[in-house]
Amino acid sequence: MSNVVIRTENLSKLYQIGKLQERRNLRGTIQHAFTTPVRSAQRLWSKPSNGDLADETIWAVKDVNLEVKRGEVLGVVGRNGAGKSTLLKILSRITFPTSGSAEINGRLGSLLEVGTGFQPELSGRDNVYLNGAILGMRKAEIDRKLDEIVAFAEVEKFIDTPVKQYSSGMYVRLAFSVAAHLEPDILLVDEVLAVGDARFYSKSINKMRALNAQGMTIVLVTHHVWLVQTVCSRAICLEKGSIVCDGEPVKVIALYSGITQESGNGVKTPSLDLEDARIHSFQICPQENGTGVMKRLSEGGLNMTEASPYSGMKTELEVEVFGFPRIKFFVRVTSPDGLPYFTVYSDLVKMPECGRIKCEASIPHLMLMPGDYSIWSGVCSEEGEKRILTEKYLPFVVRGEAQAESRYSFFWNRADWQIQDKD
C-alpha cells in the first residue's frame with residue numbers, strides 16, 4: 001500500500017469573475033460534459049484580447065503539485081483569497097479542477113463550511129446516519145458511535161430537531177463530531193472551527209491530535225499560526241493560488257509572516273515610531289551565563305534569532321523620548337500574528353535632560369515551546385499600555401526539544417512536587 005494518500009499534479013482551478021453557474025437539465029448537463037474540454041483548451045491556449053479574458057478570469061489554484069503522506073498533519077496557510085478553501089473543495093470533490101488531477105487514497109471526511117453536507121430539513125440524528133452512509137459506514141457501525149457523537153457535540157436535547165433550526169455553533173459541533181467519530185482515513189478541516197466557542201475549539205483540537213495519533217491524515221486550513229506550530233507536522237503556504245513554501249511549520253510561518261506584512265508600498269517597517277519617541281537601536285543578545293543556545297540566522301527572507309527552549313535572553317534598546325519626564329520600558333513576546341503571550345515592565349524611569357536613554361532587560365528562561373515568535377520592546381508613558389510611545393519587534397524562533405508532555409502548550413515550566421501516600 002502506498003504511503004501517499006493525497007497526490008495532486010499541476011492542479012489548477014480557473015474562475016470566470018461575475019459569471020453565475022447556469023442551471024441545466026439532463027440534456028444540458030451531458031452536452032456541457034462533452035463541450036467542457038474544448039472550451040477549457042480554448043481558454044488555456046487562446047491569447048486573450050485586451051479587456052477580454054485576462055480581466056474576467058482568475059486562477060484560484062494554479063499548478064499545485066502536492067503529496068501528503070499517511071499520518072501527516074498538513075497545515076495550509078495563506079492570505080485571504082490565496083486559494084486555500086478552493087484547494088480543499090477540489091480535494092473534497094465539491095469543485096472540479098479546470099486542469100490537472102487530484103488522487104485520494106482512502107476514505108475522506110471534510111468539514112469545510114457551516115452546513116456543508118447536511119440536509120437542513122432532516123434532524124441531527126438523520127444527518128449523522130446520512131453522513132455515515134456517504135462515508136461508506138454501515139448502519140451498525142453508526143449505531144455504535146451515535147451516543148458518542150451526540151455527547152461530544154453537546155446537542156443531546158436537539159438531536160431530533162431539524163438542523164435548519166440549529167445555531168451556527170451547534171451546526172459546527174455536530175458536523176465536526178460526525179466527521180471525527182466516523183473516523184475517515186483523511187480529514188479535511190477549513191477555518192470553520194473558529195465559529196465555535198473557545199472551549200469547544202480546544203476540545204476539537206485535542207480530538208484531532210488523538211485521531212492523528214491513531215494514524216489519521218489531517219489537512220488543516222487556518223490563520224492561527226500557533227495551531228500550525230503545535231498541531232501540524234508539516235505546512236504549506238499558498239500565494240495567488242500557488243505553493244510558495246513547503247516544509248517545517250516554523251519555516252513556512254516565517255515566510256507567511258513576511259507575506260502578510262506586505263502592502264502596496266512594499267514591506268512595512270517592523271517598528272512604530274511616533275512623534276513622542278524614536279528608537280535608535282534594538283537587538284536581542286544571549287544572556288550572560290545563561291542556559292541554552294542562541295544564534296542568528298536568515299530564513300524566509302527575515303533575519304531571525306534562534307534559541308533553544310531553555311535559553312535565557314537579553315534585549316538592548318536605545319530610545320529618544322520627547323516631552324515625557326518619566327517612562328516605562330517593556331518587553332513582550334507574541335505569536336507572529338500578534339497574539340500576546342506575556343509582557344514584562346520596568347519600574348518608572350526618570351528621563352535624563354538629553355532625552356536619550358538605553359535599557360537592557362534580562363529574562364533568565366524564556367520557557368517557550370519550539371515555534372515561531374516575535375519579541376517586542378519599547379517605551380510607554382506612566383499610563384502603561386494606554387500610551388505606547390514607540391515599539392519595535394524582531395522575529396524569533398525556538399527550536400529543539402522541550403518537555404514532551406507539554407508539547408501542546410504555549411509554555412513549559414518546572415515544579416517541585418511533594419507527593420505523600422495518605423494510607
Side-chain angles (χ1 to χ4, degrees), residues 2-9 11-13 60-61 64-78 80 82-97 100-118 127-128 130-137 149 152-153 171-196 201 204-224 227-228 231-238 241 243 246 249 252:
S2 173
N3 197 37
V4 176
V5 295
I6 298 176
R7 177 183 285 110
T8 69
E9 293 183 0
L11 192 66
S12 301
K13 179 64 179 179
V61 174
V64 170
N65 293 286
L66 177 67
E67 287 189 351
V68 182
K69 295 181 179 179
R70 191 179 311 278
E72 277 191 318
V73 181
L74 177 69
V76 183
V77 298
N80 291 333
K84 306 183 298 297
S85 295
T86 302
L87 176 61
L88 257 62
K89 287 179 180 179
I90 295 174
L91 296 179
S92 301
R93 302 294 192 260
I94 294 174
T95 299
F96 291 101
S101 62
E103 179 184 346
I104 307 294
N105 297 314
R107 190 164 64 190
L108 182 70
S110 60
L111 185 60
L112 304 184
E113 296 176 355
V114 176
T116 299
F118 274 19
N127 272 289
V128 172
L130 177 61
N131 276 259
I134 292 172
L135 286 174
M137 302 283 289
I149 291 171
F152 187 91
Y171 236 126
V172 167
R173 292 202 303 270
L174 184 59
F176 178 82
S177 188
V178 170
H181 286 84
L182 295 183
E183 298 180 0
D185 301 312
I186 307 162
L187 181 62
L188 309 180
V189 183
D190 206 338
E191 196 73 53
V192 64
L193 285 180
V195 176
Y201 184 82
S204 302
I205 299 307
N206 289 332
K207 181 64 176 179
M208 284 195 288
R209 289 178 177 132
L211 292 171
N212 177 247
Q214 298 170 15
M216 183 183 291
T217 304
I218 300 173
V219 179
L220 178 65
V221 167
T222 182
H223 288 285
H224 296 286
L227 197 59
V228 177
V231 175
C232 300
S233 56
R234 175 184 161 208
I236 62 173
C237 179
L238 290 178
I243 297 176
D246 182 347
V252 175

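Reckoned from all heavy atoms, side chains included, excluding hydrogens, waters and symmetry mates. Since this is a predicted model, take the numbers as computed values, not measurements.
- Applying the salt bridge (Lys or Arg N to Asp or Glu O under 4.0 Å) test to Arg7 and every residue at least two apart in sequence or in another chain returns Glu67, Glu103.
- The two residues Leu182 and Val128 make their nearest non-hydrogen contact at CD1-O, 4.4 Å.
- Not counting sequence neighbours, the partners of Ser12 by the side chain to side chain donor-acceptor pair (under 3.5 Å) test are Asp63.
- Taking Asp185 as the reference, nothing meets the side chain to side chain donor-acceptor pair (under 3.5 Å) condition, with sequence neighbours excluded.
- Using modelled atom types, one finds no donor on one side chain facing an acceptor on the other under 3.5 Å when comparing Asn212 with Arg209.
- The side chain to side chain donor-acceptor pair (under 3.5 Å) test applied to Thr217 returns no partner, not counting sequence neighbours.
- Of all the heavy atoms in Phe118 and Asn127, the pair that sits closest is CA-OD1, 3.3 Å.
- For the side chain to side chain contact (heavy atoms under 4.5 Å, CB included) test, residues two or more places apart in sequence or in another chain that qualify with Thr86 are Lys13, Tyr15, Ala60, Val61, Ile90.
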Full working for side chain to side chain contact (heavy atoms under 4.5 Å, CB included) between Val219 and Ile6
CA-CA 10 Å; Val219 179; Ile6 298 176; 3.9 Å; yes
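- For Asp246, the salt bridge (Lys or Arg N to Asp or Glu O under 4.0 Å) partners are Arg234, not counting sequence neighbours.
- Note: Ile218 CD1 to Leu187 CG = 5.5 Å, rounded to the nearest 0.5 Å.
- By the side chain to side chain donor-acceptor pair (under 3.5 Å) test, Glu9 is found to be paired with no residue, residues two or more places apart in sequence or in another chain being considered.
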